Amino acid sequence: MAAVYMHIRQRAENVLRNRVFRDRNNPLDYMDDEQIVRRYRLSRPLILELCRMFEHDLARPTARSRAFPVSFQIMVALRFYATGSFQMVNADVHNISRPSVSKSTSDVTSCLKRVCRNYIKMPTDEAGLHNIMRGFYEKTNFPNVVGAIDGTHIRIKSPAEDEHLYVNRKNYHSINVQAVCDSSMKFLNIVAKYPGATHDSFILTSSNIYELFDSREIGIGWLLGDSGYPLRPWLMTPILNASTEAEECYNRGHMRERCVVERSFGLLKSRFRCIDNSAGTLLYGATKSCDITVCVAVLHNMCINHGIPLPPDENHCDRGHIARHQYLGHLNDNATVRRRLINGRFSQ
């Protein structure tokens, strides 16, 4: 009799241990697809893809019945990326503690940063480069463009160390982020590690994208950049004080083509308001702010790849790229390629 009782008790304990509770606080369990995109920026299938990708990293090794599911941790982080709201606000929305929000956001950020090279990558093979050229040419008829390059500033709180290095030309603390994008506004390369006072040209010459072009590992095509960058055979900049019709035509084509990177930054900041000035200051240290910037760029590319639109009520233009420093060095040695382009393509 005792053996039967023990057997029944053991089966009951196994049933209780393996019960699955429907979490009414998990947005995937009660929101429709439109609400999920509006509040978390990613679609349900893409969120589930992230769950499968990071399952082993985010699953908690605990026997507690209330361990947060992987999907819930991801959506807590996505809500922060989408809104930039305070951790306490995010905690109240999801009915969890503020430290849990901090832990989930930090863990998801680490996971996304680790896979950034899978989603943000500049092709070096001719087939991949020709595909990018084709995308640009079909939109503006500007030939041989393999990317548009620019920088943007992400506002951060005042750092405890080297505070003066983070004060940008607009007199607030920031990190200066450089990016290269294609015609579909997808990022091909991103550098997020320099203080706001760093000049765009210094970031470029210190980056791996400079090495790829200068060493001719990428041997075809050119980037388009504004006058804040040095002129190179592989980096076309505008003509300062254009004096002929051909030069003016070149500048107009250059502006139409290059503005895609400004629109990319605007779309990125509209989709993920945590890095936009409209959400205030990113209340993290410089290193964590750089990691968050890379993570939202990864998510941005995922959205582009899956055709996820920006919610209709999120219209925003980043106007931080209008005023630029002009770079006047090294013009004589590097103007030949640009002059040939103007004479061969834009002269009537």
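These figures come from a predicted structure and were not determined experimentally.
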Smallest separation among heavy atoms of Trp222 and Leu235, with atom names: CB-N, 4.3 Å
Flag, side chain of Ser110 to backbone of Ser106, donor-acceptor distance under 3.5 Å: yes
Donor-acceptor contact present, side-chain Ser207 to main-chain Leu204, <3.5 Å: yes
Distance, nearest 0.5 Å, that separates CG of Asp276 from CG of Leu282: 11.0 Å
Stepwise side chain to side chain contact (heavy atoms under 4.5 Å, CB included) check, Leu112 with Leu50: CA-CA 9 Å; Leu112 287 169; Leu50 289 178; 4.3 Å; yes
Rounded distance [0.5 Å steps], NE2 in His130 versus CG in Asn144: 8.5 Å
Check against side chain to side chain contact (heavy atoms under 4.5 Å, CB included), Ile304 and Leu267: CA-CA 11 Å; Ile304 297 292; Leu267 179 60; 4.1 Å; yes
Flag, side chain of Lys157 to backbone of Gly285, donor-acceptor distance under 3.5 Å: no
From Gln87 atom CD to Leu283 atom CG, the distance as rounded to the nearest 0.5 Å: 9.0 Å
Candidate pair Tyr81 and Ile275, rule side chain to side chain contact (heavy atoms under 4.5 Å, CB included), full reasoning: CA-CA 8 Å; Tyr81 299 147; Ile275 62 169; over 6 Å; no
Partners meeting side-chain contact (heavy atoms from CB on, under 4.5 Å) with Asp291 (sequence neighbours left out): Thr109, Lys113, Thr287
Neighbour count above 12 (heavy atom, 6.0 Å) for Lys288 NZ: yes
Cluster overlap Phe136 with Met255, hydrophobic side-chain contacts below 4.5 Å: no
Separation between OG of Ser71 and CD1 of Ile47, rounded to the nearest 0.5 Å: 8.5 Å
Any side-chain donor near an acceptor of the partner, Ser243 and Glu247, under 3.5 Å: yes
Separation between CZ of Arg258 and OH of Tyr229, rounded to the nearest 0.5 Å: 9.0 Å
Mutual orientation of the aromatic rings belonging to Tyr172 and His153 [parallel < 30°, tilted 30-60°, perpendicular > 60°]: perpendicular
Close side-chain approach of Leu223 and Met236, heavy atoms under 4.5 Å: no
Side-chain touch Cys181/Lys186, heavy atoms, less than 4.5 angstrom: no
Audit row: Phe272, His300, ring-ring contact (aromatic ring centres under 6.0 Å, His included) steps and yes/no: CA-CA 8 Å; Phe272 300 108; His300 167 89; 7.6 Å; no
Side chain to side chain contact (heavy atoms under 4.5 Å, CB included) partner of Glu126, the single match among Ile220, Ile218, Asn131: Ile220
Salt bridge present between Arg114 and Asp57 (N-O < 4.0 angstrom): yes
Same cluster (ILVMFWY, side-chain, under 4.5 Å), Val115 and Ile120: yes
Beyond-backbone contact of Ile96 with Phe68, side-chain heavy atoms, under 4.5 angstrom: yes
Pairwise distance CZ(Arg271) to CZ(Arg41) - rounded to 0.5 angstrom: 8.5 Å
Side-chain ion pair, Glu245 and Arg252, N-O less than 4.0 Å: yes
Heavy-atom side-chain proximity of Ser43 to Asp33 below 4.5 angstrom: no
Side chains of Asp150 and Gln178 in contact at under 4.5 Å (non-hydrogen atoms): no
Heavy-atom closest contact (Pro238 atom, Gly225 atom, distance): CD-O, 3.4 Å
Any donor-acceptor pair under 3.5 Å from Asn189 side chain to Met122 backbone: no
Heavy atoms from other residues, nucleotides or ligands near CG of Asn171 exceed 12 (cutoff 6.0 Å): no
Main-chain N/O of Leu58 paired to Gln73 side chain as donor or acceptor, under 3.5 Å: yes
Side-chain donor-acceptor pair present, Asn168, Ser174, cut-off under 3.5 Å: yes
Test side chain to side chain contact (heavy atoms under 4.5 Å, CB included) applied to Tyr40 and Met31, step by step: CA-CA 11 Å; Tyr40 298 94; Met31 283 189 180; 3.9 Å; yes
Shortest non-hydrogen contact from Ala297 toward Phe187: CB-CD1, 4.2 Å
Common cluster, Val167/Leu165, ILVMFWY with side-chain heavy-atom separation under 4.5 Å: no
Backbone N/O of Tyr210 and side chain of Arg232: donor-acceptor pair under 3.5 Å: no
Cys274 side chain reached by Ile292 side chain, heavy atoms, under 4.5 Å: yes
Same apolar cluster (I L V M F W Y, side chains within < 4.5 Å links), Val145/Leu212: yes
Non-hydrogen atoms of Ala77 and Val108 that approach each other most closely: CB-CB, 3.6 Å
N/O donor-acceptor pair under 3.5 Å between Arg273 side chain and Ala82 backbone: no
Nearest heavy-atom neighbours spanning Val70 and Ala59: CG2-N, 3.7 Å
Close side-chain approach of Val76 and Ile74, heavy atoms under 4.5 Å: no
Co-members of Val191 in a cluster of I, L, V, M, F, W and Y side chains, linked at under 4.5 Å: Tyr194, Phe202, Ile203
Under-4.0 Å salt bridge between Glu138 and Arg134: no
Donor-acceptor pair between Arg79 and Ser85 side chains, under 3.5 angstrom: no
Non-hydrogen side-chain atoms of Glu163 and His173 separated by less than 4.5 Å: yes
Under 3.5 Å: donor-acceptor pair, side chain of Asp32, backbone of Gln35: yes
Exercise: identify the closest heavy-atom pair between Val146 and Gly221: CG1-CA, 4.0 Å
